Chemist: 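Quick one: this structure, given as structure tokens, is what I'll be asking you about.
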Amino acid sequence: MSLSLIVLLGIFPFMMAYAAASDLVSMTISNRLCLFLVGAFALCAALLGLSLTEIGWHLAAGGLVLVVAFGLFAAGWIGGGDAKLAAATALWFGFDQLMPYLSIAGLLGGLLTFAIIMLRARPLPALVETWPWLRRLHAANEGVPYGIALAFAALLILPETAIWHAAIGI
């Protein structure tokens with residue numbers, strides 16, 4: 001495995017961690033981050049020598065998730081950044097690991113939502129009351145930073161994906 005491929009596969013975990021942290025502190029996931037993930041996938045696919053058919057299936061998985069997730073966004077059930085992050089992640093995973101990813105993300109998202117509801121049921125300690133991101137997270141009229149669940153699920157699933165196996169030669 002080449003050094004460039006090692007570095008490239010390090011980008012995905014780093015960008016997932018960044019997406020989770022960004023969503024936690026600002027309740028946003030930037031378009032640039034999602035576009036960067038798409039570009040990194042294209043570079044990774046080229047470095048791994050994926051066939052056009054394989055790339056097509058990955059694009060189809062990402063496109064399907066984008067359509068469904070934007071439907072959920074239009075209904076007000078998820079944020080736009082969450083929709084884009086889920087689609088960019090699906091692009092990396094393809095259909096092989098799409099259902100495990102979405103299932104784990106749903107489970108983690110439910111646990112995250114429950115934890116935030118519990119947090120919001122109690123007053124913030126005076127020590128952290130001045131932290132703007134924590135006040136926002138605590139506010140009852142705010143959403144849930146679901147990007148945390150999406151990113152953590154992606155990190156759990158990544159070692160099981162075909163693209164990871166191809167990169168490390170198994």
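In this text, all values refer to a predicted model and were calculated from it rather than measured experimentally.
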Chemist: Should Asp23 and Leu150 be marked as a side-chain contact (heavy atoms from CB on, under 4.5 Å) after you check the CA-CA gap, both sets of side-chain angles, and the distance that decides it?
Modeler: CA-CA 11 Å; Asp23 207 17; Leu150 293 169; over 6 Å; no
Chemist: Just how far is it from atom CZ of Arg122 to atom CE of Met118, taken to the nearest 0.5 Å?
Modeler: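 Output value for this atom pair is 4.5 Å.
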Chemist: For residues Ala154 and Tyr101, report the shortest heavy-atom separation together with the two atoms involved.
Modeler: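 Where Ala154 meets Tyr101 most closely, the heavy atoms are N-CE1, 3.5 Å.
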Chemist: Nearest heavy-atom pair of Leu112 and Ala149: which atoms, and what distance?
Modeler: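 Here Leu112 and Ala149 meet closest at CD2-N, 4.3 Å.
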Chemist: Do Leu59 and Leu48 land in one hydrophobic cluster if side-chain heavy atoms of ILVMFWY residues count as linked below 4.5 Å?
Modeler: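 Result: yes, single cluster for both.
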Chemist: Is a donor on one side and an acceptor on the other found under 3.5 Å between the side chain of Arg136 and the backbone of Val25?
Modeler: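 Checked: pair present.
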Chemist: Which residue, Phe36, Phe93, Tyr18, forms the ring pair (Phe, Tyr, Trp, His ring centres under 6.0 Å) with Phe12?
Modeler: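 The ring pair (Phe, Tyr, Trp, His ring centres under 6.0 Å) with Phe12 is passed solely by Phe93 among Phe36, Phe93, Tyr18.
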Chemist: What's the spacing between Leu102 CG and Thr89 OG1 if we round to 0.5 Å?
Modeler: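 The CG atom of Leu102 sits 9.5 Å away from the OG1 atom of Thr89.
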Chemist: With the 4.5 Å side-chain cut-off for hydrophobic clustering, are Leu72 and Val144 part of the same group?
Modeler: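 The answer is no; the residues belong to distinct hydrophobic clusters.
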Chemist: At what distance, to the nearest 0.5 angstrom, does CG of Leu66 lie from CG of Leu91?
Modeler: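 One gets 10.5 Å once the value is rounded to the nearest 0.5 Å.
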Chemist: For Phe95, does the CZ atom have more than 12 heavy-atom neighbours from other residues, nucleotides or ligands under 6.0 Å away?
Modeler: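 Count over threshold, so yes.
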Chemist: So how far is it from Ile157 CD1 to Met99 CE, rounded to the nearest 0.5 Å?
Modeler: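 The CD1 atom of Ile157 sits 11.0 Å away from the CE atom of Met99.
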Chemist: Using modelled atom types only, decide if a donor and an acceptor are shared between the side chain of Arg120 and the backbone of Ala139 within a distance under 3.5 Å.
Modeler: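 Yes, because the side chain of Arg120 sits within donor-acceptor range (under 3.5 Å) of the backbone of Ala139.
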Chemist: So if you build clusters from Ile, Leu, Val, Met, Phe, Trp, Tyr with side-chain heavy-atom gaps below 4.5 Å, do Val65 and Val67 land together?
Modeler: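 No, Val65 and Val67 fall in different hydrophobic clusters.
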Chemist: Shortest non-hydrogen contact from Leu37 to Met15?
Modeler: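 Heavy atoms of Leu37 and Met15 come nearest at CD2-CB, 3.8 Å.
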Chemist: Could you go through the side-chain contact (heavy atoms from CB on, under 4.5 Å) check for Ile29 and Lys84 one step at a time?
Modeler: CA-CA 8 Å; Ile29 299 170; Lys84 292 176 286 189; over 6 Å; no
Chemist: Quick one: pull up CG in Leu98 and NE2 in His58 and give me the separation to the nearest 0.5 Å.
Modeler: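 With rounding to 0.5 Å, CG (Leu98) is 11.0 Å from NE2 (His58).
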Chemist: Between Trp133 and Trp131, how do the two ring planes meet: parallel, tilted or perpendicular, split at 30° and 60°?
Modeler: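 Ring orientation, 0 to 90° scale: parallel.
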Chemist: Gln97 and Glu160: which non-hydrogen atoms are nearest, and at how many Å?
Modeler: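 That closest heavy-atom pairing would be NE2-O, 3.5 Å.
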Chemist: List the steps, then state whether side-chain contact (heavy atoms from CB on, under 4.5 Å) holds for Arg135 with Leu124.
Modeler: CA-CA 8 Å; Arg135 279 198 328 267; Leu124 283 175; 4.1 Å; yes
Chemist: Can you give me the closest heavy-atom contact between Ser26 and Ser22, atom names plus distance?
Modeler: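 Smallest heavy-atom distance, with atoms named: OG-O, 2.7 Å.
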Chemist: Which atom names give the shortest non-hydrogen contact between Cys44 and Ile163, and what distance separates them?
Modeler: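 Here Cys44 and Ile163 meet closest at SG-CD1, 3.9 Å.
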Chemist: Tell me whether Asp82 contacts the main-chain N or O of Gly147 through its side chain, where contact means a donor paired with an acceptor under 3.5 Å.
Modeler: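 Checking the backbone N and O of Gly147 against the side chain of Asp82, a donor-acceptor pair under 3.5 Å is found.
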Chemist: With hydrophobic residues grouped by side-chain heavy-atom distances under 4.5 Å, do Phe41 and Leu64 end up in a single group?
Modeler: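 Yes, it is one cluster - the side chains of Phe41 and Leu64 are joined through contacts under 4.5 Å.
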Chemist: Using side-chain contact (heavy atoms from CB on, under 4.5 Å), reason through Glu129 and Leu134 one step at a time and then give a plain yes or no.
Modeler: CA-CA 7 Å; Glu129 236 174 24; Leu134 195 50; over 6 Å; no
Chemist: Linking I/L/V/M/F/W/Y whenever their side-chain heavy atoms sit closer than 4.5 Å, directly or via other members, would Phe14 and Leu43 fall into one cluster?
Modeler: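 Result: yes, single cluster for both.
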Chemist: Which value, rounded to the nearest 0.5 Å, describes the distance between Leu33 atom CG and Thr28 atom OG1?
Modeler: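 Answer for the CG-OG1 pair, Leu33 versus Thr28, is 10.0 Å.
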